[in-house]
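Report on the following structure.
To find a chain, count down the sequence lines: A is the first, B the second, and so on, and within it residues start at 1.
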Amino acid sequence: MAVAEPLAMRTELSDTARLRAWSTTVDHKRIGLLYVGTSLIFLVIGGLEALLIRWQLWAPELRVLGPTQFNQLFTMHGTTMIFFVVMPMLLGFANYLVPLMIGARDMAFPRLNALSYWLYALGGALTHFSFFAGGAPDVGWFAYAPLTEYTFSRGHSTDYWILGLLVSGLGSLFTGINLLTTILALRAPGMNLARMPLFVWMMLVDAILLIFAIPPLTAAQLMLLLDRSLGAHFFDTQAGGSALLWQHLFWFFGHPEVYILALPAFGMISEIVPVFSRKVIFGYESVAAATVTIGVISMGVWAHHMFTVGMSDVLDAIFSGASFLIAVPTGIKMFNWIATLYGGRLRFESPLLFAVGFLAMFVMGGLTGIMLAAVPIDWQVSDSYFVVAHFHYVLFGGSLFAIMAGFFYWFPKASGRRLSERLGRWQFWIMLAGFNLTFGPMHVAGLLGMPRRIYTYSDDRGWTLWNQLATVGALVLGVAFVLFFWNLFVSWRRGAPAGDDPWDAWTLEWATHSPPAPYNFETIPPVHSRRPLWDLKHPQDPDWILPDRAQPEVIA
Amino acid sequence: MLLPRVEPKRSAHGWTSRVALVGWGVLLAGNVAAAAEDLSVFSPATRPASSIRDLFFLVLGIAGVILLIVEGLIFYCAYRFRQRRGEKSEPPQIYGSTPIEVAWTVAPLLTVFVLFLVVVRSVTEVRGESPPADSLRVIAIGHQWWWEFVYPDLGIRTANELYIPCREEGSTPTIALELQSADVIHSFWVPRLGGKTDHIPGRTNRMWFDAPERGAYHGQCAEYCGTQHANMKLLVVAESAEEFRLWHEQERREANHEAAVDAGRERFLALNCINCHTIRGTAAAGTVGPDLTHLMARRTLAAGACVNDHEHLTQWLADPDAIKPGSEMPNLHLSRQDVDLIVAYLSTLH
Ligand SMILES: [Cu+2]
């Protein structure tokens, strides 16, 4: 396999031509990179917001920020991180990788794909434009009605929030449709469903979740917009509207959303752990089945965000039970990953470091999730810092650590160069320490009665120490991110050339150049099993001569 | 929040109630001095709160064991199977094992099933039976950003500090709250008394708990409700039956009418304070802000934003934003003289 000239195209075009090429592109790889690049910009914004929040909470009664500024910052931090960082980042990875992994030329609908990206960019820009148009939204990222009604939220900040999410939500919906079609229709010859890489499996379920989850959100946003600008009363409690309707609609989106953010991360881990353990994934079928199960159950757990609204005992029990149940397939995956490590020959380069970091941190988030699903415990700690700790262990310790693993793993494919391994290690350890220092103490603060979203607290409540630890941790995290961005910046142009297959991996994306040509593959390797490149590299011991498990029946 | 160790300044109608009030004040002061601000879910003071704490420890125990096992396995694998120098060959490829996979599906299933049963039992234990008919009924209404408490059976209406009878030898009254909201969603959370329940506009939620020991219990609004969510604090004061009776008898009275502060009263009644505040016995009958009839019975101002003393009251009237920026109490740009007059008047409202 020839080593492609890294990023050869860069040097051939003038700046304007390059700008035009990027802004009008319908190539899934470029769109993927646009997604990832844009979400990195938002990551910086959301991160700085988090630092300001932590600065304000460093000590009791600080006045670094006023209440309104603080409320705007936590609203924007949550909204940005969920809708404009983690979700598009993962969709970016999916855009880049899914067609390559299934041996396709592009996504099924390349123009729709470009539209999705631009809707996302527009949505992000709209939401952030509010900063310059009279103030950012300050209603919290789940924006409970009736606080969002015009009576309580004057001005246009909430409208910007609604419009931004409406627009970017449509983008995500289209991406869902696009991914689903791509995966179902464009797989290379020989790659039946049971031979797809697990990342693709997870994106398949993810796409379906997107298609189910986004419409209720869109509907809710439209209803709120009608309330605010045309005097409708969906959520206007003073005119007989329902405050709980918003919660049901929002969480009917919001809970699958958590898995929309988690499944692609699970997918990355399911690719990276085997390659760096030098072992095939343990129990491919059960990982895929667990993914589907998670997808199904995730649509029936939304009201576990609402245990304090005064539902009946029966509803509380049902949603508690469903939430416990979803822990089972999640646990299965965890065990499968660990079993893959077991007996392997673990190559501890940055991707595996972050992946193992993911495993270790995500367990914490999962277990506090189980605690929160126990209704009476939730009555005590819901809306407290315990919950803040919990979902950061899931979304940061989980999704973001996986994304970091993904960056180190696939950066060479996209750039033709490797990220610095030395910086990667430093980043990992600093990030791990900073992460636990920031979010570990928040569990305690919550159990000591600290509610989330308060801009200040008095000194005799006993929360000071825990907040100070968290603030120090946030600074440490800041250092880790500086290293990361520096690494990206330097390595994109000057990293060591990677070659086409730097990790000695097994899925199709490594069978083409780094970076791949616009048409992706010159020839697609034959797909006889789940690991086409393993088969090529081990002709005497290919997957497909093994009985049953390794060579699934051809279904499609 | 500082709890005032000061003895509440009180005057009264006639010497009997004066003596009684002083006695009550001394008791209260002693009680307050002893209380630390404890919002920990680990120091429950009622049955529901203890039962939640027990459940917490149980589930924590189970989760803790799982955590240790899983983290242990991760670290064991990471250490044991790391690549050693010179190792080159690929390890044996193991594709899976049905018995093992079944085992680690069934074991978690059983675990969560047990957890589910435990939770169902605990839900019924904490919230199961309705409160007894002789419970003390209080309607708690959340406002942006303060609490209103109405005792329908006692005919009183107060703010921010919920007085209840405490547990005593041979009698443990039940306190039954009806939670409502005047504007947006709030959440009633006093960790030592139990879990939180939301105040949802257009609905009435109920929660109840058995009276705790004599003392003060802190909490605050737990559902984000706008600008001053952080300063929507709660204080629950549990007193002996006798103290509680004295308190509510005093609360039921109309406001003091002392001739010495006539000037202040007149300023108050002439200003638009009366559009928002009630002082029973005067023309002031507003309902936007807290009832001020017995303002001096409260330890704090503006839902725990500051101590209720002369200095803070003055500051509050001169510039509410200096104490609670964004609050719904407007800055009326009163002259220094007006402020002093009104503070003098309000200070007589015991
Ligand atoms: Cu509130």
Tell me, do [X] and [Y] make a side-chain contact under 4.5 Å, heavy atoms counted?
| X | Y | result |
| --- | --- | --- |
| A:Pro451 | B:Cys221 | no |
| B:Cys77 | A:Ile338 | yes |
| B:Pro325 | A:Tyr455 | yes |
| A:Thr308 | B:Thr197 | no |
| A:Leu147 | B:Cys225 | no |
| A:Ser458 | B:Lys233 | yes |
| B:Glu90 | A:His538 | yes |
| B:Ile74 | A:Val363 | yes |

If I measure from the heavy atoms of chain B, does [X] come under 4.5 Å with its side chain, its backbone, both, or neither?
| X | answer |
| --- | --- |
| A:Tyr342 | both |
| A:Gln247 | side chain |
| A:Ser277 | backbone |
| A:Met306 | neither |
| A:Phe152 | side chain |
| A:Phe74 | side chain |
| A:Thr237 | side chain |
| A:Asp378 | backbone |
| A:Ile281 | backbone |
| A:Phe235 | neither |
| A:Asp138 | both |
| A:Trp337 | neither |
| A:Asp236 | neither |
| A:Met364 | both |

Between [X] and [Y], does the ring centroid distance fall short of 6.0 Å?
| X | Y | answer |
| --- | --- | --- |
| A:Trp379 | B:Phe56 | no |
| A:Tyr144 | B:Tyr224 | no |
| A:Phe324 | B:Phe113 | no |

Polar side-chain atom of [X] near backbone of [Y] as donor-acceptor pair, under 3.5 Å:
| X | Y | answer |
| --- | --- | --- |
| B:Gln93 | A:Arg278 | yes |
| B:Arg203 | A:Gly310 | yes |
| A:Asp313 | B:Thr124 | no |

NZ/NE/NH1/NH2 to OD/OE distance under 4.0 Å, A:Asp383 and B:Lys196 = no

Ionic contact status for B:Asp38 with A:Arg461, cut-off 4.0 Å | no

Report, as yes or no, whether the 6.0 Å neighbourhood of atom CH2 on A:Trp466 holds more than 12 heavy atoms from other residues, nucleotides or ligands.
-> no

Residues, nucleotides or ligands: over 12 heavy atoms within 6.0 Å of A:Arg345 CZ | yes

Worked check of side chain to side chain contact (heavy atoms under 4.5 Å, CB included) between A:Leu325 and B:Leu109 = CA-CA 7 Å; A:Leu325 210 55; B:Leu109 263 176; 3.9 Å; yes

Taking it one step at a time, do B:Gln83 and A:Leu346 satisfy side chain to side chain contact (heavy atoms under 4.5 Å, CB included)?
-> CA-CA 5 Å; B:Gln83 181 178 30; A:Leu346 310 188; 5.8 Å; no

Of all the heavy-atom pairs spanning [X] and [Y], show the shortest one and how long it is.
| X | Y | result |
| --- | --- | --- |
| A:Val280 | B:Ile94 | CG1-O, 3.3 Å |
| B:Ile185 | A:Ala243 | CD1-CB, 4.1 Å |
| B:Val119 | A:Val375 | CG1-N, 3.8 Å |

Most heavy-atom pairs under 4.5 Å with chain B, out of A:Ile332, A:Asp316, A:Leu341, belong to A:Ile332

Would you check, one step at a time, whether the test side chain to side chain contact (heavy atoms under 4.5 Å, CB included) holds for B:Glu101 with A:Asn336?
-> CA-CA 8 Å; B:Glu101 287 166 58; A:Asn336 278 306; 4.3 Å; yes

Start with the C-alpha distance between B:Gln220 and A:Ile454, add both sets of side-chain angles, then the distance that settles side chain to side chain contact (heavy atoms under 4.5 Å, CB included), and finish with yes or no.
-> CA-CA 10 Å; B:Gln220 64 189 84; A:Ile454 54 173; 3.7 Å; yes

